[in-house]
Amino acid sequence: MKGDRVFRLGSVKEFIEDQVRSIKEEVGEGKALCALSGGLDSSVAAVLAHRALGERLICIFVDHGLLREGEPQQVQEVFSRNFKMNLVFVDARERFLRKLAGVVDLEEKRRIVGHEFIRVFEEEARKLGEINYLIQGTVYSDVVESGVEDGSKVKSHHNVAALPPDMELRLIEPLRPLYKDEVRVVAEELGLPEEIVWRQPFPGPGLAIRILGEVTEEKLSLLRRADAIVVQEIRRAGLHKDLWQYFAVLLDLKSVGVREGSRVYGYTVAVRAVVSQDALTALWARLPYEVMDRISQRIVKEVPSVNRVVYDITSKPPATIEWE
Ligand code: XMP
């Protein structure tokens, strides 16, 4: 997973030129929309389309409140300020949290986030007048995991399902033939910043499926802090380029601990780190003990309502990468 896979489609420069040309040809004088998440795939798709269309590409970024620490600000910084893209930033945090209140079922959470995302997206898109195209950062593994080409459906609401069904937008998917590490090569060539080039995959339903059980504002802020520590320590140890994903999960169980001489009853955080090529299979990462120790010590110190940290030592299959 070090970005060393041969770019199978000839030179990366040619790939970019070809895609830019074909987006120009297809869209002509029209306009295109892009649902920008700040993840690697949608970022690369957006930058390619921006090269082709300039101001006629409109990116919509929905902050559903289920993102990791600092993400919404970073998206604005990179795409609005640096790349000068036409970016519509939608703060929909309250709306999603309201819809998720009281919901514990994992597929229900996925369904709600997916459904609500499409509604917000549609509402914003309608305000923009006539637009005929949608740029999407679908990559090869999305196609396989969603069973679009390959038979059975693995899990609901993967990236490819996020298309508004009744919007009559024509779909453009420039990254469809690429593996993740090839997308990284394209990202580097396009001049995207290091944090985006090496950003780990992040599920559409976001932290909602990393909080087992009900999603609340308190749990979100707690998980965000714990997750940021995992990310910081993995990067500090220089391991981020070797791992497919590394993150924290907030479990729906509490356990007993001792803090300053008295018994406490606190949350448990699971740390998940995996090595993979395409997420179809994954091995649990053999992280150095010192790194695990730093992560654990920092989480219990900096997130006081957590008093236990566990490390997930299961591979996929049979476990999936996410816990829900
Ligand atoms: P699993 O947990 O199925 O995950 O091994 C495989 C890859 O897919 C991501 N994932 C999702 N992505 N919507 C998404 O957009 C989802 O509902 C979803 N569930 C899992 C996961 O992070 C991993 O990269």
Side-chain angles (χ1 to χ4, degrees), residues 1-23 34-52 134-163 171-204 231 234-235 238-247 272-285 315-317 319-322:
M1 232 287 291
K2 279 192 166 161
D4 51 3
R5 191 201 296 271
V6 179
F7 198 77
R8 296 158 305 136
L9 308 168
S11 94
V12 61
K13 284 196 170 68
E14 271 170 35
F15 175 82
I16 292 173
E17 280 168 21
D18 287 351
Q19 294 306 321
V20 170
R21 191 179 322 115
S22 99
I23 295 171
C34 176
L36 184 66
S37 70
L40 175 70
D41 306 339
S42 71
S43 298
V44 171
V47 173
L48 274 176
H50 183 242
R51 279 208 179 174
L134 181 71
I135 310 286
Q136 247 193 356
T138 316
V139 297
Y140 185 66
S141 60
D142 298 327
V143 178
V144 176
E145 273 265 293
S146 300
V148 172
E149 283 185 348
D150 253 39
S152 66
K153 190 163 167 168
V154 180
K155 213 182 243 184
S156 71
H157 185 56
H158 270 264
N159 298 338
V160 284
L163 173 68
L171 197 56
I172 299 179
E173 297 175 304
L175 312 179
R176 206 174 162 88
L178 302 188
Y179 285 100
K180 194 62 111 184
D181 43 7
E182 293 173 313
V183 181
R184 289 210 162 94
V185 178
V186 178
E188 265 170 351
E189 185 65 31
L190 289 170
L192 277 155
E194 204 264 347
E195 312 91 78
I196 295 205
V197 174
W198 286 102
R199 178 159 283 186
Q200 28 170 347
F202 188 62
V231 172
I234 294 286
R235 288 183 81 97
L239 297 170
H240 60 292
K241 295 188 180 177
D242 298 324
L243 301 175
W244 174 263
Q245 278 171 291
Y246 41 97
F247 55 86
R272 181 76 161 142
V274 295
V275 176
S276 175
Q277 289 291 336
D278 51 16
L280 299 178
T281 60
L283 293 175
W284 64 273
S315 292
K316 173 184 180 176
T320 49
I321 296 174
E322 303 290 345

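Residue numbers start at 1 and run along the sequence shown. Note that these values count all heavy atoms, side chains included, but never hydrogens, waters or copies made by symmetry.
- Taking both residues in full, the closest heavy atoms of L36 and A46 are given as CD1-CB, 3.9 Å, listed atom of the first, atom of the second, then distance.
- Here the straight-line distance linking atom NE2 of H240 with atom CD1 of I234 works out to 10.5 Å at 0.5 Å rounding.
- Remark: E188 pairs with no residue by the salt bridge (charged side-chain N to carboxylate O under 4.0 Å, His left out) rule, at least two apart or across chains.
- Considering all non-hydrogen atoms of both residues, A45 and I135 come closest at O-CG2, 3.8 Å.
- When every heavy atom of D41 is checked against every heavy atom of G137, the shortest pair comes out as CB-O, 3.1 Å.
- No donor-acceptor pair under 3.5 Å is formed between the side chain of E189 and the backbone N or O of K13.
- For the atom pair CD1 of I321 and OG1 of T281, the computed distance is 8.5 Å after rounding to the nearest 0.5 Å.
- The two residues F247 and Q200 make their nearest non-hydrogen contact at CD2-OE1, 4.5 Å.
- Between V44 and A187, the closest heavy-atom pair is CG2-CB, 3.5 Å.
- For the pair R272 and W284, the minimum side-chain heavy-atom distance is below 4.5 Å.
- Ion pair D181/R184 not flagged as a salt bridge, since none of the NZ, NE, NH1 or NH2 atoms sits closer than 4.0 Å to an Asp/Glu carboxylate oxygen.
- Taken from OG in S11 to CD in E17, the straight-line distance is 7.0 Å, to the nearest 0.5 Å.
- A distance of 12.0 Å separates CD in E173 from CG in L178, rounded to the nearest 0.5 Å.
- Counting heavy atoms from C-beta on, the side chains of I16 and L48 come closer than 4.5 Å.
- Contact check for F15 versus V185: no side-chain heavy atoms found under the 4.5 Å cut-off.
- Contact annotation: the side chain of Q19 never approaches that of R51 to less than 4.5 Å [non-hydrogen atoms, C-beta and beyond].
- Considering CZ of R199 and CD of E194, their distance stands at 11.0 Å, rounded to 0.5 Å.
- At distances below 3.5 Å, at least one donor-acceptor pair connects side-chain atoms of K316 with backbone N or O atoms of A279.
- Rounding to the nearest 0.5 Å places CG of D278 at 7.0 Å from OH of Y179.
- Using a 4.5 Å heavy-atom cutoff, the side chains of E182 and V139 are not in contact.
- The shortest side-chain heavy-atom distance between V274 and L243 does not fall under the 4.5 Å cut-off.
- Looking at every heavy atom in both residues, S276 comes nearest to A282 through CB-CB, 3.9 Å.
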